[in-house]
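Values in this document were obtained by computation on a predicted structure and should not be read as measured data. Below, chain A is the first sequence line, B the second, and so on; all start at residue 1.
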Protein chains: 2
Amino acid sequence: MIPLDKQLHADALQGSEGNRLFRPIPANGVCTLLGDKWTVQVLWRLSLAEEHRLRFSALKKEVDGVTQRMLTLTLRNLERNGLVVRHYFPEVPPRVEYELTEMGGGALRALEGFNFWVRDNLHTIQEYRRAYDDAK
Amino acid sequence: MIPLDKQLHADALQGSEGNRLFRPIPANGVCTLLGDKWTVQVLWRLSLAEEHRLRFSALKKEVDGVTQRMLTLTLRNLERNGLVVRHYFPEVPPRVEYELTEMGGGALRALEGFNFWVRDNLHTIQEYRRAYDDAK
DNA sequence: CGGAATCCAGTTAGATACTG
DNA sequence: CAGTATCTAACTGGATTCCG
């Protein structure tokens with residue numbers, strides 16, 4: 001996986017280059033923005049929550065196997081990209097809530113098409129895999 | 001990045017779990033199927049080619065910085081998933097062509113929504129990043 | 001509670017050399 | 001030409017510890 005910075009830049013270049021019939025698909029942006037192990041799951045859990053908000057600990061419970069470290073890193077990235085807002089309440093013990101932004105919700109919706117495609121083709125793909133592996 | 005097999009399985013489970021208002025987005029399938037460094041680029045180049053076919057060497061030229069090794073690995077995976085077909089001509093020197101399948105083209109089209117989203121939001125994202133990094 | 005720091009293992013990708 | 005094999009560097013993510 002390309003580091004986020006380099007890849008987004010590459011995507012930007014791709015996007016500006018495009019005077020073709022089929023505009024280049026900078027969908028490596030998928031990888032770089034959402035393509036790591038936890039990002040999409042975090043966005044999705046937030047989208048299901050009331051007011052699209054969850055505390056750190058609640059998020060950690062819902063995202064299945066995520067470690068504290070990875071959840072923190074994932075949220076930092078999301079915040080940096082403007083897909084999530086961090087609300088910090090300096091109480092004791094401290095409370096932190098993460099909120100899905102408009103743009104974050106949009107990212108999730110933008111994946112719906114692919115979501116359906118996966119659902120519709122998963123079975124076929126698995127058959128291809130079996131066939132390929134058996135032939136080996 | 002989760003190994004392809006495990007993740008696809010996880011996606012499958014997610015998909016079958018879903019009796020909710022918002023169906024779970026198994027879009028980690030993005031990562032596992034297309035989320036590595038070269039896969040989407042390869043699909044895209046094939047989609048632009050005549051008859052959606054290119055020789056190995058042509059593909060290598062078009063995909064920018066890809067190494068021979070990585071192109072081979074990427075194509076093997078695509079073939080295994082049924083997104084690409086490999087045509088081997090036992091001449092000397094040998095000739096090999098890779099062809100995008102119907103399903104492979106579908107995968108690319110399924111990413112269009114996300115593609116547009118990236119294009120529309122790239123600038124905003126970059127501004128968020130600058131702001132975040134400057135605040136640091 | 002929420003997170004930063006450190007260390008470590010596994011995976012991925014690049015470079016290089018060799019081959020049918 | 002289209003690979004395969006090998007070695008190595010880099011990155012990712014997990015486990016653990018400590019802190020305000």
Side-chain angles (χ1 to χ4, degrees), chain A residues 1-8 10 28 31-42 45-46 53-80 84-99 136, chain B residues 1-8 10 28 30-42 45-46 53-80 84-99 132 136:
Chain A
M1 189 72 67
I2 303 177
L4 286 180
D5 293 297
K6 289 183 192 165
Q7 185 60 32
L8 247 199
N28 275 333
C31 337
T32 63
L33 270 167
L34 313 174
D36 72 315
K37 193 169 170 183
W38 304 108
T39 297
V40 172
Q41 281 222 30
V42 168
R45 292 294 172 173
L46 285 176
R53 266 173 175 253
L54 283 176
R55 306 186 55 155
F56 184 88
S57 45
L59 212 38
K60 182 165 180 327
K61 259 172 227 154
E62 297 205 26
V63 179
D64 188 33
V66 72
T67 61
Q68 199 171 37
R69 174 181 132 88
M70 290 318 296
L71 183 55
T72 301
L73 290 177
T74 303
L75 287 166
R76 289 289 170 280
N77 248 308
L78 286 170
E79 191 192 0
R80 189 167 98 99
V84 150
V85 182
R86 181 177 187 266
H87 301 282
Y88 175 69
F89 303 92
E91 313 161 357
V92 255
R95 179 165 55 101
V96 179
E97 291 181 1
Y98 291 91
E99 182 189 6
K136 265 287 166 172
Chain B
M1 190 72 67
I2 305 176
L4 286 179
D5 293 299
K6 289 182 193 168
Q7 186 60 33
L8 247 198
N28 275 333
V30 173
C31 335
T32 62
L33 268 167
L34 313 173
D36 72 314
K37 194 170 171 183
W38 303 109
T39 298
V40 172
Q41 281 221 31
V42 168
R45 293 293 172 173
L46 285 176
R53 266 174 174 253
L54 283 176
R55 310 188 48 157
F56 184 88
S57 47
L59 212 38
K60 183 166 180 326
K61 260 171 225 154
E62 297 204 27
V63 178
D64 189 29
V66 73
T67 61
Q68 199 172 37
R69 177 182 129 88
M70 290 318 297
L71 184 54
T72 300
L73 289 178
T74 302
L75 287 166
R76 289 289 171 280
N77 247 309
L78 286 169
E79 191 193 1
R80 189 168 97 100
V84 149
V85 181
R86 180 176 188 267
H87 300 281
Y88 175 70
F89 303 92
E91 313 160 358
V92 256
R95 179 164 56 101
V96 178
E97 291 183 359
Y98 290 92
E99 181 188 6
Y132 185 93
K136 266 286 165 172

Engineer: For B:Leu73, what residues pass the side-chain contact (heavy atoms from CB on, under 4.5 Å) criterion, not counting sequence neighbours?
Structural biologist: B:Arg69, B:Met70
Engineer: To the nearest 0.5 Å, what is the distance between CH2 (B:Trp38) and OG1 (B:Thr72)?
Structural biologist: 13.0 Å
Engineer: Rounded to whole angstroms, how far apart are CG on A:Leu34 and C1' on D:dT12?
Structural biologist: 17 Å
Engineer: Rounded off to whole Å, could you give me the NZ-to-C1' distance for the A:Lys60 and C:dC1 pair?
Structural biologist: 12 Å
Engineer: CG of A:Leu59 versus P of C:dC1: gap in Å, rounded?
Structural biologist: 15 Å
Engineer: Look at all strands and tell whether A:Phe89 reaches a base, only sugar-phosphate, or nothing, counting heavy atoms closer than 4.0 Å.
Structural biologist: nothing
Engineer: In whole Å, what is the span from the CG atom of A:Leu73 to the C1' atom of C:dT6?
Structural biologist: 13 Å
Engineer: Does A:Ser57 put a side-chain nitrogen or oxygen below 4.0 Å from OP1 or OP2 of C:dG2?
Structural biologist: yes
Engineer: Using a cut-off of 4.0 Å between protein heavy atoms and nucleotide atoms, how would you tag nucleotides 14-20 of chain C 5' to 3' with B, S and -?
Structural biologist: BB----B
Engineer: Mind checking what makes salt bridge (Lys or Arg N to Asp or Glu O under 4.0 Å) contact with B:Arg95, not counting sequence neighbours?
Structural biologist: B:Glu91, B:Glu97
Engineer: Any side-chain heavy atom of A:Val84 sitting closer than 4.5 Å to one from A:Leu46?
Structural biologist: yes
Engineer: Please round to 10 degrees the angle between the axis of the first five pairs and the axis of the last five pairs in the helix from C:dC1-D:dG20 to C:dG20-D:dC1.
Structural biologist: 40°
Engineer: Whole Å only: how far is the CD atom of A:Glu91 from the P atom of C:dG2?
Structural biologist: 10 Å
Engineer: Would you mind reading off the distance between B:Asn77 atom CG and C:dT12 atom C1', rounded to a whole angstrom?
Structural biologist: 12 Å
Engineer: Should A:Leu75 and A:Glu79 count as side-chain neighbours, where that means a heavy-atom distance under 4.5 Å?
Structural biologist: no
Engineer: Between C:dA13, C:dG3, D:dG3, which one does the side chain of B:Arg86 approach most closely?
Structural biologist: D:dG3
Engineer: Select one nucleotide: of D:dG3, C:dA4, D:dC1, the one nearest the side-chain heavy atoms of A:Arg76.
Structural biologist: C:dA4
Engineer: Quick one: OG1 on A:Thr74 to OH on A:Tyr98, what's the gap to the nearest 0.5 Å?
Structural biologist: 10.5 Å
Engineer: Using side-chain heavy atoms (C-beta onward) and a distance below 4.5 Å, is B:Thr39 in contact with B:Asn77?
Structural biologist: no
Engineer: Is the distance from OP1 or OP2 of D:dG3 to the nearest side-chain N or O of B:Tyr98 less than 4.0 Å?
Structural biologist: yes
Engineer: I'd like a table of donor-acceptor pairs (distance under 3.5 Å, sequence neighbours excluded) in which one partner is a side-chain atom from residues 54-66 of chain B, with atom names and distances.
Structural biologist:
none

Engineer: Can you list everything that forms a side chain to side chain donor-acceptor pair (under 3.5 Å) with B:Gln68? Sequence neighbours excluded, please.
Structural biologist: none
Engineer: Whole angstrom is fine here: how far is it from CG in B:Leu71 over to C1' in D:dT4?
Structural biologist: 14 Å
Engineer: To the nearest angstrom, how far is A:Lys61 atom NZ from C:dC1 atom C1'?
Structural biologist: 11 Å
Engineer: Taking 4.0 Å as the cut-off, does a side-chain nitrogen or oxygen of A:Arg55 come that near to OP1 or OP2 on C:dC1?
Structural biologist: no
